[in-house]
Amino acid sequence: MLKTVADPDQAASVTASLVEARDLGIKRDGRWLIKGVNLAIRRSEIVTLIGPNGGGKSTTAKALLGLIRADAGSVSRMPGLKVGYVPQRFAIDWTLPLNVTRLMTLTTSHGADEVQEALERVGAGSLAHSEIHTLSGGEFQRVLLARAIVSRPDLLVLDEPVQGVDFSGEIALYELIGEIRDELRCGILLISHDLHIVMAGTDTVVCLNGHVCCSGTPRDVAATDEYRRLFGHRGASALAIYHHEHDHAHDHCGNVVSLDGHADSASVSSENRDA
Amino acid sequence: MLDDFFVRALVAGIGVAIVAGPLGCFVVWRKMAYFGATLSHSALLGVAFGLLIGIDPMLGVAIQCLLIVPALVLLERLSPLSTDSQLGILAHGTLALSLVIFGFMTWIRVDLTGYLFGDILAVSAREIAYIYTGGAVVLGVLAWIWRPLLAATVNAEIAAAEGLRPERSKVIFMFLVAATIAIGMKVAGVLLILSFLIIPPATARAYAATPEHMAIGAIIVGVLATVLGLNASNLWDTPSGPSIVVAALVLFIVSLLPFKRFFVSKRTPSREVL
C-alpha cells in the first residue's frame, strides 16, 4: 500500500504512525511505572528512549509491542505491522542446539540467500554455521540484529542493542542502524544508555523518567532543564563529545585517518561547546 | 503378529518412544521436567477416579490430565509460591490422595505396581491402537505449533512481539505432555514415564546441531532403548519397563563420554574474528 506512493518523505508525513501511545500508563503492584506517555513512531524515523534506570524505557517499549497491556491510555499499531525485536540481554539454554542459520528463521521462513545477506549486512557473514553458544556477546548482538531485519520489518525495536560491544564497535553499530533505517525505510525504536552516541544518530529523543520529561530533536532535548537535571554535565556535553571524537576515524591498524564531509558536525560541536 | 505378547510390548514401547522423543525435547529445553513429573504423579489420581466411577483407567487418566493443566495454570496465578514448590505440592499431594482412594476401594484388588511402574508385557491390541492414534494426534498438533513453541522457548518476548502468541502454544504444549503421559502410562507407569520424555532428548543433545535434529535423535534413542531394554529383559528375565529405562540411561551415559567429539568436531567450523 505504502510502496505505491512515489515520494517516501511525503508518504511518511501523510501516513499515520506505525505505532502510537496515547496517555499510556502501566501499573505494577499499585505503583505507576510509567504514566501519561505520548509517543509515536513513523516510517523512516529513529526514536530513542533515554532516561535513568527504572525510568520505564523497556516497559514503554514492551507496551508499544503489545507485550504488556496498558493500564491507562491506549496503544495503537498499524494493522498488519511487521515487527523485528531485539530484546535486552537474554540467554539461550545450552540444551537447545541452535546454530545461527536456524536462529535466523525462528519466527519466519527465509531462504539461505536472504539469511546470508542479512548476516553480512551486520558484519556477521562468517557466523552462519556457528553454534549460538559459541558466540561472544558482541557477535550475539549482531546476529540478533540480523535476525530482526531478515524479514524486512516495518518497525524495528532495539532494547540496548550495543550490550557486549566495545566502544568502536558501538559507533559502527549505531551507524549500521541508521543505514538499516535508510534501506528498509522502517521506523526504529531504540533504547540506550549511551547518551553521546544516541544524541547524534537519532531523529527524536524521548527522555523517560516515569513520564516523558522532554522530547524532540537531540539538540532541543539537550537544551532543556529537565535533561540537564537528569544527566548533569555528562548529558550536557554528550553532543559535543560525539562530534569531537568523530573528527577522525581509525583504519584497521589503528592509524588515524581523516573524515571528509564532516564540516557540518564540526560546526555543531563548536556551537555546543559555546552553549 | 500382535498375538505375541513380546511383539505387542515392542510395538507399544516404540510407539511411546516416537511420541515422547520430540515432545520431551521441549520438556528439556523449557526446563519442565518437574512439571512432567507432576503431571505423571497426578495421573494416578485419574486411575483412582476411573476405577471409582467404573470407567477405563486410561480414560480416567486422560480426563485427569485435562483437569490438572488448568489447575496448574490457575495455581500459578493464585499462589505466590515458586512454581517449583507448587508442582511439588500437586505431585505428591495427588499421589498420596490416589493411594488413599485405593485404600477405600476394598472391593477392587488394584495392581498398584502395574500403575506405578508400567506393565508393558500386558499391553493389549486395543491399548496399542490408543497409543498410535493418540500419538499421531499429539505429534500432528506438535508439528502444527512447532514454530511458535520453539520461538517461545528461545525467547517468549520475541515470539510475542513478532505475532506468534507464545502463551497459547505453551498451554497447548502442556496438554500434549499430559496426553503423552496418559498414553505412555501402561508402558512405563506414572513413576517411570517421565524418563521416556527426558532421557532420549538429553542423550540426543550431544549429537544435534539444530532443534529438529535433536527431536529426530531423541526418537532414535528412545526406539533403540526400547528394543535393547525389552530384549535384555527377555534374556535376563528382568522387569520390562524398568529395563527400557536402564537401557536409555546407559545410552545417555555413553553420550557423555568424550569420544562423541569425533562426531561433533566437523560441524564446528572455525570463525574469523570480527
Looking at every heavy atom in both [X] and [Y], which two are closest together, and how far apart are they?
{"X": "A:Pro87", "Y": "B:Asn155", "answer": "CG-ND2, 3.7 Å"}
{"X": "A:Pro97", "Y": "B:Pro211", "answer": "O-CD, 3.0 Å"}
{"X": "A:Glu131", "Y": "B:Ala209", "answer": "OE2-O, 4.1 Å"}

Is A:Lys62 in contact with chain B via its backbone, its side chain, both, or neither, using a 4.5 Å heavy-atom distance?
side chain

Would you mind checking which part of A:Leu96 comes under 4.5 Å of any heavy atom in chain B, side chain (CB onward), backbone (N, CA, C, O), both or neither?
both

Indicate yes or no for a side-chain donor-acceptor contact from B:Glu162 to the backbone of A:Tyr85 under 3.5 Å, with no hydrogens or angles considered.
yes

Does B:Trp29 reach the main-chain N or O of A:Thr95 with its side chain, forming a donor-acceptor pair under 3.5 Å?
yes

Heaviest contributor of heavy-atom pairs below 4.5 Å to chain A, chosen from B:Thr153, B:Val154, B:Val28, is B:Val154

Is any side-chain heavy atom of [Y] closer than 4.5 Å to one of [X]?
{"X": "B:Glu212", "Y": "A:Arg102", "answer": "yes"}
{"X": "A:Leu98", "Y": "B:Thr210", "answer": "no"}
{"X": "A:Trp94", "Y": "B:Arg205", "answer": "yes"}

Does either side chain, that of A:Ser109 or that of B:Arg147, offer a donor lying less than 3.5 Å from an acceptor on the other one?
yes

Where does B:Leu164 contact chain A at under 4.5 Å (heavy atoms): side chain, backbone, both or neither?
side chain

Return the option, out of A:Asp93, A:Thr107, A:Thr105, A:Asn99, with the maximum number of heavy-atom pairs under 4.5 Å with chain B.
A:Thr107

Based on non-hydrogen pairs under 4.5 Å, which of A:Ile92, A:Leu103, A:Leu67, A:Leu65 is most in contact with chain B?
A:Leu67

